[in-house]
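Here's the structure we're looking at; comments come further down.
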2 protein chains.
Amino acid sequence: MIRPHVHGAIADRLRAAGLRPTRQRLALATVLLADGRDRHVTAESLHREVRARDVAVSLATVYNALHQFTNAGLLREVVVDAARSYFDTNTTHHHHFYDEDSRSLIDIPGSGIDVAHLPEPPPGSEIAQVDVVVRIRRPAQAAGASVRGSKR
Amino acid sequence: MIRPHVHGAIADRLRAAGLRPTRQRLALATVLLADGRDRHVTAESLHREVRARDVAVSLATVYNALHQFTNAGLLREVVVDAARSYFDTNTTHHHHFYDEDSRSLIDIPGSGIDVAHLPEPPPGSEIAQVDVVVRIRRPAQAAGASVRGSKR
DNA sequence: GTGTTTGCAAAGTGTTTGCAATTTA
DNA sequence: TAAATTGCAAACACTTTGCAAACAC
């Protein structure tokens, strides 16, 4: 049985990135890129989402795909939390709010922040990227409650 | 046998932070804070350093102490690499170069960067902190060598 | 003395990897 | 058919935790 090329814009983007449009990658890329919305995912959240669409994909494949997509420039990795990796479908220059309570990311448009007076990088090195993370929280309670360490 | 209070500036800082100046915490705090230099450590690097001074401290205790020191305001945690946590003895407002090749941090003085036009945080939240990470690298080789993925 | 801290080893997280089976082109 | 990809389970690196022994005050 002859199977023709998979057709569609997403398949083309994968091919253009040098990635075979397999069933798994198509499902992942579709969730991530199909509607053009800016999305922030973790491996776990993406895995959940794809399975909710009844596509069987292993978590290992999700991790692999996220890195392949990132290397191909389809995604960008955002480091904001030591505990897990985030990937952003918006690969243009921009910064982030990071909500430390809900552990969620919000894009700040590239023009939203001016970083000025960047010092020279140390000799022999070049600036690869400038990341600005604005950490936000629900305001701390004012009233009597004493401040106790919160379980991590 | 009566043992008096441990004396010394470091011991006092620990007490002021509500932490008993135990042998382990004293050794860790001394390495970190005694000479007033700005230092960036990981649990692993600090553990190595303290042991090099022939003080027996378990890695678990180093982790615990780093968090206790951080909660007490003696240190500041810096998130730049998903693979490990960094702690900075400089708790004042400032930003960082992060050398992705050597995985090392370099302080940028508070005045070294201007972040302007910060947008309003989402309703109900407040800005807890603004982190700027300038990622630096050795410039990519220009010559013929093809670009292959580097093992992580 | 009594509550705190330590160290160990075990458990936990998120992530990566080796490899046989499967799939793509 | 040949090469790329997948899934599983095991391995990993880093970090946290339960608990008895050691320690600070």
Side-chain angles (χ1 to χ4, degrees), chain A residues 1-8 11-12 14-29 41-48 50-51 55-72 77-87 103 149-152, chain B residues 1-8 10-12 14-15 17-29 41-48 50-51 55-72 77-87 103 149-152:
Chain A
M1 182 216 223
I2 293 164
R3 179 91 87 80
H5 267 193
V6 179
H7 292 295
D12 289 342
L14 289 175
R15 271 193 216 92
L19 299 169
R20 289 186 179 177
T22 63
R23 183 172 50 76
Q24 291 81 338
R25 297 211 271 232
L26 274 171
L28 293 166
V41 300
T42 63
E44 201 64 65
S45 77
L46 179 58
H47 189 221
R48 228 181 294 125
V50 178
R51 304 198 121 187
V55 181
V57 185
S58 77
L59 186 54
T61 297
V62 173
Y63 274 106
N64 289 335
L66 282 172
H67 288 133
Q68 293 155 353
F69 292 0
T70 300
N71 291 334
E77 188 170 358
V78 186
V79 179
V80 285
D81 186 335
R84 77 207 88 241
S85 298
Y86 287 81
F87 295 85
R103 299 168 189 279
S150 65
K151 318 232 139 102
R152 218 266 222 204
Chain B
M1 183 217 222
I2 292 164
R3 179 92 88 80
H5 268 193
V6 179
H7 291 295
I10 296 288
D12 290 341
L14 289 175
R15 271 194 215 92
L19 299 169
R20 287 188 179 177
T22 63
R23 184 173 50 77
Q24 290 82 340
R25 298 211 271 231
L26 275 170
L28 293 166
V41 301
T42 63
E44 201 65 65
S45 78
L46 179 58
H47 189 220
R48 228 180 294 124
V50 178
R51 302 199 121 186
V55 180
V57 185
S58 78
L59 186 55
T61 297
V62 174
Y63 274 106
N64 290 336
L66 283 171
H67 288 132
Q68 293 155 353
F69 291 2
T70 300
N71 291 334
E77 189 170 356
V78 186
V79 179
V80 286
D81 186 333
R84 77 206 89 241
S85 298
Y86 288 81
F87 295 85
R103 299 168 189 280
S150 65
K151 317 229 140 97
R152 215 262 226 210

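Note on naming: letters A, B, ... go to the chains in the order of the sequence lines (proteins, then strands), and numbering restarts at 1 for each one. Values below: every heavy atom of this structure, side chains too, minus hydrogens, waters and symmetry copies.
- Taking the side chain to side chain donor-acceptor pair (under 3.5 Å) definition, one finds that Arg20(A) meets it with nothing, sequence neighbours left out.
- In terms of heavy atoms, Val57(B) sits closest to His47(B) at O-NE2, 2.7 Å.
- Between Asp81(B) and Arg103(B) the shortest heavy-atom distance is OD2-NH1, 3.0 Å.
- Heavy-atom minimum distance, Ala56(A) versus Arg23(A): O-NH1, 3.4 Å.
- Here the OH atom belonging to Tyr86(B) is positioned 13.5 Å from the CG atom belonging to Leu46(B), to the nearest 0.5 angstrom.
- Summarising the geometry, the separation between CG on Leu14(B) and P on dA24(D) is reported as 13 Å, rounded to the nearest angstrom.
- Proximity of His67(A) to the phosphate of dT16(C): a side-chain N or O atom is located under 4.0 Å from OP1 or OP2.
- With sequence neighbours excluded, no residue satisfies side chain to side chain donor-acceptor pair (under 3.5 Å) with Asn71(A).
- When all heavy atoms of Val79(B) and Ala82(A) are compared, the pair lying nearest together is CG1-N, 3.9 Å.
- Closest of all the heavy-atom pairs between Leu28(A) and Ala65(A) is CD1-CB, 3.6 Å.
- Under the rule for a side chain to side chain donor-acceptor pair (under 3.5 Å), the partners of Gln68(B) that lie at least two apart in sequence or sit in another chain are Arg25(B).
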**Fill in**
The dot-bracket string of DNA chain D, counting Watson-Crick and G-U wobble pairs with both distances under 3.5 Å, using [ ] for crossing pairs and | for pairs to another strand, is |||||||||||||||||||||||||
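- Atom OH of Tyr86(A) and atom C1' of dG14(C) are 12 Å apart (whole Å).
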Using a cutoff of under 3.5 Å, can you pull out all pairs of nitrogen or oxygen atoms linking the protein to nucleotides 3-7 of chain D, with atom names and distances?
{"residue": "dA4(D)", "atom": "O4'", "partner": "Arg20(A)", "partner atom": "NH1", "Å": "3.2"}
{"residue": "dA4(D)", "atom": "O4'", "partner": "Arg20(A)", "partner atom": "NH2", "Å": "3.4"}
{"residue": "dT5(D)", "atom": "OP1", "partner": "Arg20(A)", "partner atom": "N", "Å": "3.4"}
{"residue": "dT5(D)", "atom": "OP1", "partner": "Arg25(A)", "partner atom": "NH2", "Å": "2.3"}
{"residue": "dT5(D)", "atom": "O5'", "partner": "Arg25(A)", "partner atom": "NH2", "Å": "3.2"}
{"residue": "dT6(D)", "atom": "OP1", "partner": "Thr22(A)", "partner atom": "OG1", "Å": "2.6"}
{"residue": "dT6(D)", "atom": "O3'", "partner": "Gln24(A)", "partner atom": "NE2", "Å": "2.5"}
{"residue": "dG7(D)", "atom": "OP1", "partner": "Gln24(A)", "partner atom": "NE2", "Å": "3.1"}
{"residue": "dG7(D)", "atom": "OP1", "partner": "Ala56(A)", "partner atom": "O", "Å": "3.1"}
{"residue": "dG7(D)", "atom": "OP2", "partner": "Ser58(A)", "partner atom": "N", "Å": "3.1"}
{"residue": "dG7(D)", "atom": "OP2", "partner": "Ser58(A)", "partner atom": "OG", "Å": "3.4"}
{"residue": "dG7(D)", "atom": "OP2", "partner": "Thr61(A)", "partner atom": "OG1", "Å": "2.6"}

Output one line per pair: protein atom, nucleotide atom from nucleotides 10-14 of chain D, and distance, for all N/O pairs under 3.5 Å.
{"residue": "dC14(D)", "atom": "OP1", "partner": "Arg84(B)", "partner atom": "NH1", "Å": "2.7"}

**Asked** Run the side chain to side chain contact (heavy atoms under 4.5 Å, CB included) check on Leu26(A) and Val55(A) step by step: do they pass?
**Response** CA-CA 10 Å; Leu26(A) 274 171; Val55(A) 181; over 6 Å; no
